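One structure below.
Bear in mind the structure is a predicted one, so any value in this text is a computation, not a measurement. Start at 1 with the first residue, then count along the sequence.
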Amino acid sequence: MKIAVAKDDAFNFIYRANIDALKTCAEVVFFSPLVDKELPECDLLYLPGGYPELFAAELSQNNSMRESIRLFAENNGNIFAECGGMMYLTREIIMEGIFYPMCNVLPFQATMKDAHLHLGYRSILTGDDSIKGHEFHYSEIVETDNSSVTSSRNQLSAKGKHTDTAIYRYKNVIAGYTHWYWAECGFETFLKTFSAFV
C-alpha cells in the first residue's frame, strides 16, 4: 500500500509518531498541495492539519492539484483529512470576505468569520476500542449542502461528555476537525475502527 501525505507550509501539523506508524504498514510519500501539480499515485491520501487559511490564495491558484484531488475522491479514492486538510476539501475557504476555491469534494464552506478557538481532547468509542485525539481550530464549517454526506457527532470530551464536533463521510472520504493519534494501535486498526464509527 502507498500512502501520500500532504506536507508543506500549509499542511504541517503532523504527529511524527503517526507517520512512523504509517511506515510500518505502507510506503509513505510526501507531496505539496502548494507547489506540486498533481497528486502522486497512491492507495490512500492523508491530508493533515495546518493553516490552509493562511495560504488560501496559493492553494486556490493551484488548479491542477485541486482537480487531481477532486477526481481522486470522485473515483472512490481513499482520503483521510484532519482539520486544515478537511478545510482544503471544501468548496471554498472564506477569508475577509474573499472566497478562495478549494477541492470541492465536501459541499461545505470553511469560514474564518467571527473566528474563535475550539479546543479540547476528544475520543471515540467503538465496542472495546477507544481512539484519542484533540480539537484545535478557529475556523467554522458551514454545511451548505449535506445531502451527499453522512456525519457522526458522537465524539466525547475529556470529561466523557458528547461534543458537537462532526466527522464527515463522502464516498471513501473521511474528514473532521479532530487531530487523531493512532501510533499506539497502528494505522490499519485505527482506520478499520474509525471507518466503522462513521
Side-chain angles (χ1 to χ4, degrees), residues 2-15 18-19 28-118 135-151 165-180:
K2 181 182 287 189
I3 299 176
V5 180
K7 186 179 182 183
D8 57 22
D9 287 342
F11 303 97
N12 53 22
F13 193 100
I14 306 172
Y15 292 122
N18 278 356
I19 298 300
V28 176
V29 295
F30 296 98
F31 74 103
S32 170
L34 283 170
V35 300
D36 293 334
K37 296 304 179 186
E38 61 182 21
L39 183 67
E41 182 179 335
C42 63
D43 301 297
L44 185 144
L45 167 60
Y46 172 37
L47 296 171
Y51 298 93
E53 66 273 18
L54 301 181
F55 299 90
E58 293 91 334
L59 290 168
S60 68
Q61 289 166 5
N62 194 347
N63 296 321
S64 60
M65 175 58 77
R66 293 191 294 109
E67 180 65 6
S68 176
I69 291 175
R70 189 190 69 80
L71 289 174
F72 183 74
E74 291 301 327
N75 289 316
N76 295 310
N78 300 299
I79 301 177
F80 187 76
E82 298 174 326
C83 202
M86 174 181 66
M87 294 171 66
Y88 185 49
L89 291 180
T90 64
R91 286 179 176 167
E92 55 212 357
I93 292 177
I94 307 172
M95 287 279 295
E96 298 179 347
I98 301 175
F99 291 66
Y100 296 97
M102 292 292 127
C103 294
N104 197 22
V105 172
L106 298 174
F108 306 147
Q109 296 172 326
T111 178
M112 300 303 296
K113 184 178 180 181
D114 301 324
H116 64 279
L117 179 62
H118 301 261
E135 184 178 358
F136 178 92
H137 61 96
Y138 288 90
S139 65
E140 298 275 358
I141 290 295
V142 180
E143 298 181 13
T144 53
D145 174 13
N146 60 5
S147 60
S148 60
V149 178
T150 58
S151 66
T165 306
I167 301 171
Y168 301 104
R169 182 162 199 158
Y170 170 71
K171 294 191 173 183
N172 291 330
V173 177
I174 297 175
Y177 266 123
T178 305
H179 302 267
W180 297 102

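To the nearest 0.5 Å, the span separating CZ on Phe99 from CD on Glu92 amounts to 5.5 Å. If you take CE on Met95 and CG on Leu54, they are separated by 6.0 Å, rounding to the nearest 0.5 Å. Once rounded to the nearest 0.5 Å, the distance linking OG1 of Thr90 with CD of Glu143 reads 12.0 Å. Considering OH of Tyr170 and CG of Leu106, their distance stands at 9.0 Å, rounded to 0.5 Å. Distance check, rounded to the nearest 0.5 Å: SG of Cys103 to CG of Leu59 gives 8.0 Å. Asn172 contributes atom CG, which lies 11.0 Å from atom CG of Asn75 (distance to the nearest 0.5 angstrom).
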Would you please test Ser60 and Met102 for side-chain contact (heavy atoms from CB on, under 4.5 Å) and show each step? CA-CA 6 Å; Ser60 68; Met102 292 292 127; 4.1 Å; yes

Val29 vs Ile3, side-chain contact (heavy atoms from CB on, under 4.5 Å): CA-CA, chis, key distance, verdict: CA-CA 6 Å; Val29 295; Ile3 299 176; over 6 Å; no

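Under the side chain to side chain donor-acceptor pair (under 3.5 Å) criterion, Thr178 pairs with Gln155, sequence neighbours left out. Take Phe30 and apply the ring-ring contact (aromatic ring centres under 6.0 Å, His included) test, not counting sequence neighbours, and it matches no residue. Listed by chain and residue number, Tyr15, His134, His179 satisfy the side-chain contact (heavy atoms from CB on, under 4.5 Å) test with Phe13 (two or more places apart in sequence, or in another chain). Among residues two or more places apart in sequence or in another chain, the salt bridge (Lys or Arg N to Asp or Glu O under 4.0 Å) test is passed with Glu38 by none. Listed by chain and number, the residues in a salt bridge (Lys or Arg N to Asp or Glu O under 4.0 Å) with Glu74 are Lys171 (sequence neighbours excluded). For Ser64, the side-chain contact (heavy atoms from CB on, under 4.5 Å) test picks out Lys37, Asn62, with sequence neighbours left out. Every side-chain contact (heavy atoms from CB on, under 4.5 Å) that Val142 has, sequence neighbours left out, goes to Gln109, Thr111, Thr144. Every residue two or more places apart in sequence or in another chain that forms a side-chain contact (heavy atoms from CB on, under 4.5 Å) with Pro107 is listed here: Arg91, Asp145, Ser148, Val149. Residues that satisfy the salt bridge (Lys or Arg N to Asp or Glu O under 4.0 Å) test with Arg66, not counting sequence neighbours, are absent from this structure.
Side-chain N or O atoms of Ser68 include one that pairs as donor or acceptor with a backbone N or O of Leu39 at under 3.5 Å. Within the 3.5 Å criterion, the main-chain N or O of Phe31 finds no donor-acceptor partner in the side chain of Asp36.
Between Glu41 and Lys2, the shortest heavy-atom contact is O-CD, 2.8 Å. The shortest non-hydrogen separation linking Asn12 to Asp8 is CB-O, 3.4 Å. Smallest separation of non-hydrogen atoms from Ile14 and Ala6: CD1-O, 3.8 Å. Contact detail for Ala10 and Leu34: the closest heavy-atom pair is N-CD1, 3.9 Å.
Among residues at least two apart or in separate chains, there is no salt bridge (Lys or Arg N to Asp or Glu O under 4.0 Å) pair with a member in residues 46-61. Listed by first and then second residue, the ring-ring contact (aromatic ring centres under 6.0 Å, His included) pairs that reach into residues 47-76 come to none, sequence neighbours excluded.
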Donor-acceptor pairs under 3.5 angstrom involving side-chain atoms of residues 77-89: please list them, not counting sequence neighbours.
residue, atom, partner, partner atom, Å
Asn78, ND2, Asp43, O, 3.1
Glu82, OE1, Tyr46, OH, 2.8
Glu82, OE2, Trp180, N, 2.9

